[in-house]
Amino acid sequence: MESTFNWGIIGPGKIARQFAADLAFIPGARVHAVASRESSRAQTFAEDFQASFYYGNYAEILNCPNLDAVYVATPHVGHFDNTIACLEAGIPVLCEKPLAMNFRQVELLIDTARRKQTFLMEALWTRFLPSTQLLLELIRKGEIGELVGVKADFGFRSDLPAEDRIFNKALGGGALLDIGIYPVFLALLLFGKACEIKAMAKIGSTGVDEDTHVLLRYAGGQLAQLHGSFLADTKREAFIYGDAGTIHMHADWYQQTQLSIFGTHSEPQLFSVEKKGLGYHYEAKEVMDCIAKGKIESDKMSHALSAALMLSLDSIRREIGLIYPEDE
Ligand SMILES: NC(=O)c1ccc[n+]([C@@H]2O[C@H](COP(=O)([O-])OP(=O)(O)OC[C@H]3O[C@@H](n4cnc5c(N)ncnc54)[C@H](OP(=O)(O)O)[C@@H]3O)[C@@H](O)[C@H]2O)c1
């Protein structure tokens, strides 16, 4: 008989709805409990996804019976507190990106996961998408030769009000942590830790970055050129350059199912993968598989990878002069 995996959700906003809907693609996975700051919102979400329990605060879910893991989907500043509360209660966590506001907080979360022997993973959904697996496979097989660099952007024009979490400094807003993180993560996945980072940003009226450009250099000589923006609809493409060809991840590269390889002397070759739903179930399945094996971290999205990602983001923030209250 198929076993049931009971997910709890903290912060039933936009992404939590998409995540919950995608759980339908995993046999046995279900929304078991949901916690909102407001009981009526939790109740509506629970009804929409047939959850057994709902709570009007984030504390009571920690005592929910038969909970297998919690998905934290609150604004960035909430990730640390929500995640550490779950870990201290011995509840495995999948926490939205960025895992916390800075490296110090990420370190504390990882220490807590290890001390409590409880699973922790950052919900960097692109890491688990079929297109990323294809990309890594093509590179591993040498299809574009030795890597020489990457160029990637993620930008859209946002007309959301200044109070919205994406512009609100008190909620950890800003283009870098919200969407620039995806190109930064792509470069990290390909090249590891950068040895030099340069960045420039336009800081908007709310004190957060609205348009951020980043250049990175790696010990092997590779270069990365990355861009995250709330000010303009960029092409949202990624190019991974090799000495024998280039992989073009078509728009929107972070959620595409197609990519192509082109070179100076050859016709472009198109590659496609299948993706079910929006693709949030791939990361959820990884969590479930790891927990079933008694692991406290994923090999694909390890604690070390999250720590390295946050170190990069901290370095970029130093370059653009973006300091959050959590850094003080
Ligand atoms: N993986 C992806 O593709 C993806 C896409 C979008 C967003 N995200 C990430 O997911 C997280 C949530 O983003 P979202 O777009 O879903 O945001 P959202 O719609 O604003 O939802 C966030 C939820 O957090 C709760 N919350 C707790 N404290 C809050 C506060 N002070 N102000 C506002 N809401 C607060 C709210 O639920 P209650 O008040 O009901 O508790 C709210 O519904 C962020 O970390 C973001 O980076 C990831």
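Just follow the structure's listing: the first ligand is 1, and inside any ligand the first atom is 1. Counting begins at 1 with the first residue of the sequence. Only heavy atoms go into these numbers, but all of them, side chains included; no hydrogens, no water, no symmetry mates. Not measured: the values here are computed from a predicted model.
- Within the structure, ligand 1 lacks Gly78 among the residues with a heavy atom less than 4.0 angstrom away.
- Near Lys97, meaning under 4.0 Å from any of its heavy atoms, are these atoms of ligand 1: 45 (O), 46 (C), 47 (O), 48 (C).
- In this structure, Asp327 does not pair ionically with Arg104, as no charged nitrogen and carboxylate oxygen lie closer than 4.0 Å.
- The shortest heavy-atom distance from Phe45 to ligand 1 is not under 4.0 Å.
- Side-chain rings of Phe230 and Phe167 approach one another, their centers coming within less than 6.0 Å.
- A salt bridge is absent between Lys97 and Glu283: the closest approach of a Lys/Arg side-chain nitrogen to an acidic carboxylate oxygen does not fall below 4.0 angstrom.
- Nearest protein heavy-atom neighbour of atom 30 (C) of ligand 1: Arg37 NH1, 3.2 Å.
- Ligand 1 lies within reach of His79, whose nearest heavy atom is under 4.0 Å from it.
- Counting only heavy atoms of the protein, atom 38 (P) of ligand 1 lies nearest to Ser36 OG, 3.4 Å.
- A search for salt bridge (Lys or Arg N to Asp or Glu O under 4.0 Å) contacts involving Lys202 returns Glu210, not counting sequence neighbours.
- Ligand 1 has an N or O atom lying under 3.5 Å from an N or O atom of Ile15, backbone or side chain.
- Atoms of ligand 1 found under 4.0 Å from any heavy atom of Leu171, numbered from 1 in the order shown, are 30 (C), 31 (N), 32 (N).
- The closest approach between Tyr182 and ligand 1 falls below 4.0 Å for a heavy atom of the residue.
- Salt bridge Asp209/Arg317: absent, no basic N to carboxylate O contact under 4.0 Å.
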*Given Tyr280 and Tyr282, is the side chain to side chain contact (heavy atoms under 4.5 Å, CB included) satisfied, shown in steps?*
CA-CA 5 Å; Tyr280 296 107; Tyr282 298 107; over 6 Å; no

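- For ligand 1 and Asp178, the ligand atoms under 4.0 Å from any heavy atom of the residue are 47 (O).
- Relative to atom 7 (C) of ligand 1, the option among Glu96, Gln18, Arg165, Lys14 with the closest non-hydrogen atom is Arg165.
- Close approach of ligand 1 to His76 is summarised as follows: ligand atoms under 4.0 Å from at least one heavy atom of the residue are 44 (C), 45 (O), 46 (C), 47 (O).
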